[in-house]
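Contents: one structure, followed by commentary.
Along the sequence shown, residues are numbered consecutively beginning with 1. Note that the structure is a prediction, hence the values are computed from the model and not measured.
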Amino acid sequence: MNITRGRPFFRPLTSALAAALVAACGGGGDAGGGTPPPAVTPTAGPRVSQITLVANGCTGGSVGGTVYSSAEVEPFVAADPADADHLVGAWQQDRWSNGGSRALVSAVSFDGGRRWERVLHPMSRCGGAAAGSSGDYERATDPWVDIGADGNVHVVSVSFNGGAFTPGSVSAVLASRSTDGGRSFSAPATLIRDDASFFNDKETLTADPTDTRFVYTVWDRLETSGQGPTMMARSINGGSSWQAAREIYRPVSSSLTPASIQTIGNRIVVIPGGASRGMLVNVFTEIDSPTATQSIATVRVIRSTNHGATWSAPVSVGDWLGVGTTAPQTGQAIRDGNILPAIAAAPNGDLWVAWQDARFSRGQHDGIVLSRSTDAGATWSAPVLVNHDPAVAAFTPTLHVRSDGVLGILHYDFRLDTAAADSLFAAAWLI
């Protein structure tokens, strides 16, 4: 496996636009051998986000915590499979210090990312949701966006009141669709709504590229017992309506009396070609905690050959051996994506999974490891290290396979951070 040297994306390039570059996979690396494409030198792009769209002083009824106005968190971008100039991104707008944000915002570009139009989503009160509406919640989090083969855009949120499992708390998964490319959206549909006995977390959404009728949302649903099964809601009419949410995988602990066991980072990809065209593959990290001080984590997949109606037994991709990221100047822990695996499906049916893992540094810091399946997820190669500076921590990988088979991996590291301890500079690398 040959990985060519990447080029850095410096801070002037927005996080959302950098993610869009992964979706477009415009060059810089070759994970399949042969002659690599020429490296490109990125230039600073236009600003996707601006000053917050949320009304000044809005709290949504939230109590406690500090809100950081005009802070954008967890950006994610989707590229239209039929129109490379059509991009849609979504992010948390105005993050609270103790979880969630005041609202979710999306932005659409029809000219390849040069100009953007923003949309405030009524998936929370500060997002414009009226009292009693489907988006009537204090906060929203975990934005995700995808564009179907028909050009329709789908956005999903976890919206909630109160802290997880606290008296009177509520959490829900909401989805919304745009039929005009992302300029306007339908009223949010409620895929699930739970009281304080549960907390719905870390959802993702996939529009089936092989059949526009199907849209899938998956997430973990935490229970007060410590269990956290994988849930799925499915649309069979392109997102016009949704079937009832249901459990598709409940992990089984290695201990007879586990403290907790759950999945997290669930994400479905659809194999776009080859003998397994149309197969769904859901990746996740399974965290098994036999005791309050011991945890065993494994990256796994489950598969479906009938659009999510039934699912296979889990297949292990590899052990998760991450330690998380710390700031190089201070050692302070950073909230990265260390327990969230990334997955991509190639046109020929091959699958790739990447995650943070410290095995190649003997547990000192995380690198980016990559595993490949050539049999639709039935078996997986041993993980290999792919980030180019193994002496520094690398974190939060994102994957995409271009139509010609070139694999792009975007990740961050701190190799260029030589600033004072009161600032922190991360570089994003596309390989």
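Ionic pairing of Arg213 and Asp208 is not present here: no N-O contact between side-chain nitrogen and carboxylate oxygen is shorter than 4.0 angstrom. Ion pairing between Asp220 and Lys202 fails under the 4.0 Å rule for side-chain N and carboxylate O. The pair Glu223-Arg250 counts as a salt bridge, with a side-chain nitrogen and a carboxylate oxygen less than 4.0 angstrom apart.
Side chain to side chain, Asp150 and Thr212 fail the donor-acceptor criterion of an N or O pair below 3.5 Å. For Asn266 and Thr230, the side-chain atoms include at least one donor-acceptor pair closer than 3.5 Å. Residues Thr206 and Asp146 have side chains that never bring a donor and an acceptor to within less than 3.5 angstrom of each other. Of the N and O atoms on the side chains of Asn306 and Ser304, at least one donor lies less than 3.5 Å from an acceptor on the other residue. Side-chain contact annotation: Thr179 with Asn152, donor-acceptor N/O pair under 3.5 Å absent. Ser106 and Arg118 are not linked by any side-chain donor-acceptor pair at a separation below 3.5 angstrom, with hydrogens and angles left out of the test. In this structure, a donor-acceptor pair under 3.5 Å is present between the side chains of Asp413 and Trp429. Side-chain contact of Asn338 with Gln356: a donor-acceptor pair under 3.5 Å is absent, judged by distance alone. One side chain, Ser316 or Arg300, offers a donor N or O that lies under 3.5 Å from an acceptor on the other. A donor-acceptor pair shorter than 3.5 Å can be found between the side chains of Gln92 and Thr141.
Ser373 places a side-chain N or O within 3.5 Å of a backbone atom of Thr379 that can act as its donor or acceptor partner. For the pair Asn282 (side chain) and Arg267 (backbone), a donor-acceptor distance under 3.5 Å is present.
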Can you give me every donor-acceptor pair (side chain of residues 268-277, partner residue at least two apart or in another chain, under 3.5 Å) with its distance?
{"unit_1": "Arg277", "atom_1": "NE", "unit_2": "Pro272", "atom_2": "O", "d": "3.2"}

Fill in: Stepwise ring pair (Phe, Tyr, Trp, His ring centres under 6.0 Å) test for His121 and Phe185
CA-CA 8 Å; His121 287 267; Phe185 286 81; 4.6 Å; yes

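Note that Arg221 lies in the cation-pi zone of Phe198, set by a 6.0 Å cut-off to the ring centre and a 45° limit from the axis.
Thr325 is not listed as a side-chain neighbour of His365, based on a closest heavy-atom distance of 4.5 Å or more.
With sequence neighbours excluded, no residue forms a side-chain hydrogen bond (donor to acceptor under 3.5 Å, both in side chains) with Thr190.
The structure places CH2 of Trp91 at 10.5 Å from CG of Leu104, a figure rounded to the nearest 0.5 Å.
In this pair, Phe160 and Phe199 present their aromatic rings perpendicular. The plane angle is above 60°, beyond the 30 to 60° band.
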